[in-house]
Amino acid sequence: MMKFRFPFNFVRFFLVLLSSVITYFAFPSTHSISILAWICLAPFFTAIRNAGKIERLCLALLYGLLYSLPHNGPGIWAGIRSEYLSFPLSAVFFSLFFTCYLIPFLFFALIQPKLKQDGITASIQKSACFTVFLWWTPALFRVSPAHMLHDQPLMIQLADFGGIPCILFVLLLINMLFSNWIVPFQDRKQRNRYPFAIIFILLVCSGYGFMRITQLHQQEKSGLEHCVQPLAIQTCLSGNEPISSLVRENRQQIHSALELSHAGLKKHPNADIIVWPEAPIDLYKQPHWEGILNRKIHAFSDLTQKSVLIGCQDLIADTSPAQYYNTARFVRPDSVSISAYRKNHLLPFYEYDPLRTLNPILADGCILPGTETVVFDIGEGCVIIPAICYEIHCLEHIRKGVRMGGNVIAHMANFQSFGKDGQIAYMDYAMSKFRAVEFRMPLIKACNWGYGALIQATGEVVEGSISPPGKRAVILFSLFIPCNRSLYSWSGDWFGFMLTGWLIWSVGHSVFTHIPIRMPRKLIKYTFPF
């Protein structure tokens, strides 16, 4: 009778569990300890080192599940699970989307034996390999281990140089060097090199970060460049409220977005622009309120002489089923016309249902994607790039806005449907810091449910500007607008493409130099010379 054999030994199993626990406490959340990010992957790298093929795959699959399920799973499930999909169908699509997050771990486990195992060069090669796999993996939410460094401003300044791939590569390299350092069966001379390499890399990265932050702070103090004072509103509207909740008069308590705007201006009369969040989609079920909303907002803008950026929807008339655009409207004082941006990148299942063409009964209306990038010039050298909810993940959308002269990002989000614990909203808040650094421009984060914040171009959150989930809030602070954008805003993901090209050449060299090729009898057997 055959006995069941565990696919990996318990020491490696324990290392993977240890790595998962450290990763959990390092990942963006209100209880995160981001310093753990520099060692969280080291036990996992040690566990798969010199392991058999089946054992490596099992360990990689286990860590991929433990890494992705608590961080990406809730967001995927909230986006897919809707009133239009039955539970079995939702589970199928959840499995398909979630499997994408396991691919880089499995690929890395497969290719790891083909790479060098010891030395600093081997660590660089492995880190580049894992970075490329994580970067190229198609995912619904582009959250990576690099985002664990969101509250380390010195370290995330590299994002203006090479974006997330650059920070991810450095983070994985430190973890890989630390993993090689703690492996006991290497010779002492080789092991002594790793701590010096770790210290050198950290000093270079922190030195670059200190230089960039100091440079921007000095520019701000000089007073020669522009600043903007946005008034961000957090409304905490639920999906079952009527659209009148945006503008209705409520003498009992400050409730509507319009009343919050009035109250905010009483405290902060010097605001340059008022930014409303994206409101819940379910709120837009009464098309006749569109005209009332427009009149109210125009009257408010004319009365206060302030520009207003609001999240709303445009209804396409005479269509069955009803069709909408998720829209950001920009209202200027004493202006009859309204500038509008229609959201280009929609969230699957939540804003549109890919199965609608197969089953028209799934919904009574749909949201259409816009086709144009629009920026809003509010004067005084400030040009707003609107990014509605999911578009904070879409780098090309912001890059198009930069080419059109945009220098401030206004991120309008909802998050009310993604759970009231605020975990998904906090990850989005952490990601927003990287967007500010990548493009070297301040970011206004106005959320219906939270977290709202004002973020400087250095990725530093203005003290006192964070609005926690579930509380109505009005925040206003001055944001500095640098005159120059970053290298990344113009060159894009050049660092990721460079790593990809180098990895293809490196792996190809390692593989093909060890493959003998059989030639005709008169020729000798040889290997590729490169």
Side-chain angles (χ1 to χ4, degrees), residues 216-217 220-221 223 225-237 246-247 253-279 296-297 300-311 328-333 376-388 392 406-415 425 428-429 432-433 435-436 441-482:
L216 290 171
H217 285 176
E220 182 179 6
K221 291 178 180 179
E225 300 187 46
H226 299 289
C227 291
V228 62
Q229 296 190 67
L231 186 70
I233 306 297
Q234 183 164 305
T235 51
C236 293
L237 299 176
L246 292 174
V247 295
Q253 58 178 338
I254 296 176
H255 180 74
S256 71
L258 194 61
E259 289 172 321
L260 285 173
S261 301
H262 275 295
L265 284 178
K266 289 181 180 179
K267 291 183 178 180
H268 311 285
N270 296 324
D272 295 318
I273 183 173
I274 301 168
V275 182
W276 289 14
E278 177 194 31
K296 289 272 189 177
I297 298 303
F300 171 75
S301 180
D302 292 341
L303 176 65
T304 60
Q305 290 297 298
K306 303 295 182 183
S307 298
V308 187
L309 182 62
I310 66 173
R329 293 184 189 174
F330 180 62
V331 181
R332 296 179 64 98
F376 304 127
D377 189 351
I378 68 172
E380 300 296 330
C382 178
V383 182
I384 299 288
I385 304 173
I388 304 176
I392 200 66
N407 53 18
V408 178
I409 303 172
H411 182 214
M412 310 161 71
N414 177 16
F415 294 117
D428 197 82
Y429 154 76
S432 299
K433 300 179 185 179
R435 296 294 95 91
M441 59 179 66
L443 188 145
I444 307 165
K445 192 171 185 64
C447 294
N448 172 46
W449 198 256
Y451 287 85
L454 300 179
I455 303 173
Q456 298 282 13
T458 57
E460 299 170 298
V461 180
V462 178
E463 186 177 356
S465 70
I466 302 176
S467 55
K471 294 184 179 180
R472 294 183 175 89
V474 177
I475 53 177
L476 182 140
F477 290 91
S478 179
L479 292 175
F480 169 64
I481 306 175

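Hydrogens, waters and symmetry mates are skipped; everything else that's a heavy atom, side chains included, is used.
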Checking D272 side chain against P230 main chain: does a donor-acceptor pair fall under 3.5 Å?
-> no
Listed partners of R332 passing salt bridge (charged side-chain N to carboxylate O under 4.0 Å, His left out), at least two apart = none
Return the set of residues passing side chain to side chain contact (heavy atoms under 4.5 Å, CB included) with E463 (not counting sequence neighbours), or none when no residue passes.
-> none
Is any side-chain heavy atom of I378 less than 4.5 Å from a side-chain heavy atom of F330?
-> yes
Least distance between heavy atoms, V275 atom then M412 atom = CG1-CG, 4.3 Å
Report the distance from atom CD1 of I310 to atom CD of E278, rounding to the nearest 0.5 Å.
-> 13.0 Å
Check: M441 and I385 side chains under 4.5 Å, non-hydrogen atoms = yes
Passing candidate, side chain to side chain contact (heavy atoms under 4.5 Å, CB included) with I273, options V408, L309, L231 | L309
Hits for side-chain hydrogen bond (donor to acceptor under 3.5 Å, both in side chains) against E380, two or more places apart or cross-chain, chain-then-number order -> none
d(F376 CZ, R329 CZ) to nearest 0.5 Å is 11.0 Å
Output for pair (T235 OG1, N448 CG), nearest 0.5 Å, gives 3.5 Å
If you take all heavy atoms of S467 and A473, which pair is closest and at what distance?
-> CB-CB, 3.8 Å
Partners passing side chain to side chain contact (heavy atoms under 4.5 Å, CB included) against I475 (at least two apart in sequence or in another chain) = A232, L454
The side chain to side chain contact (heavy atoms under 4.5 Å, CB included) partners of E220 (sequence neighbours excluded) come to H217, Q456, F480
Quick note, salt bridge (Lys or Arg N to Asp or Glu O under 4.0 Å) partners involving residues 441-450, not counting sequence neighbours, are D428-K445
Straight-line distance of W449 CH2 to R472 CZ, nearest 0.5 Å | 8.0 Å
In Å and rounded to the nearest 0.5 Å, what is the CZ to SG distance from F477 to C227?
-> 14.5 Å
Give the table of side-chain donor-acceptor pairs shorter than 3.5 Å for residues 260-271, with sequence neighbours excluded, one pair per line with atom names and distance.
| residue | atom | partner | partner atom | Å |
| --- | --- | --- | --- | --- |
| S261 | OG | A257 | O | 2.8 |
| S261 | OG | W276 | NE1 | 2.9 |

Between CD1 of I481 and CG of N407, what distance do you get to the nearest 0.5 Å?
-> 4.5 Å
Would a distance-only check, ignoring hydrogens and angles, find a side-chain to backbone donor-acceptor pair under 3.5 Å from Q234 to P468?
-> yes
In short, A328 meets P386 closest at the heavy-atom pair CB-CB, 4.3 Å
So, does Q229 use its side chain to make a donor-acceptor pair with the main chain of L476 at under 3.5 Å?
-> no
L479 side chain near I455 side chain, heavy-atom distance below 4.5 Å | no
Nearest heavy-atom contact between P482 and A457 is CG-CB, 3.7 Å
Partner residues of D377 under the side chain to side chain contact (heavy atoms under 4.5 Å, CB included) criterion, sequence neighbours left out = V383
Closest approach of V462 and S465, non-hydrogen atoms and distance?
-> O-OG, 2.7 Å
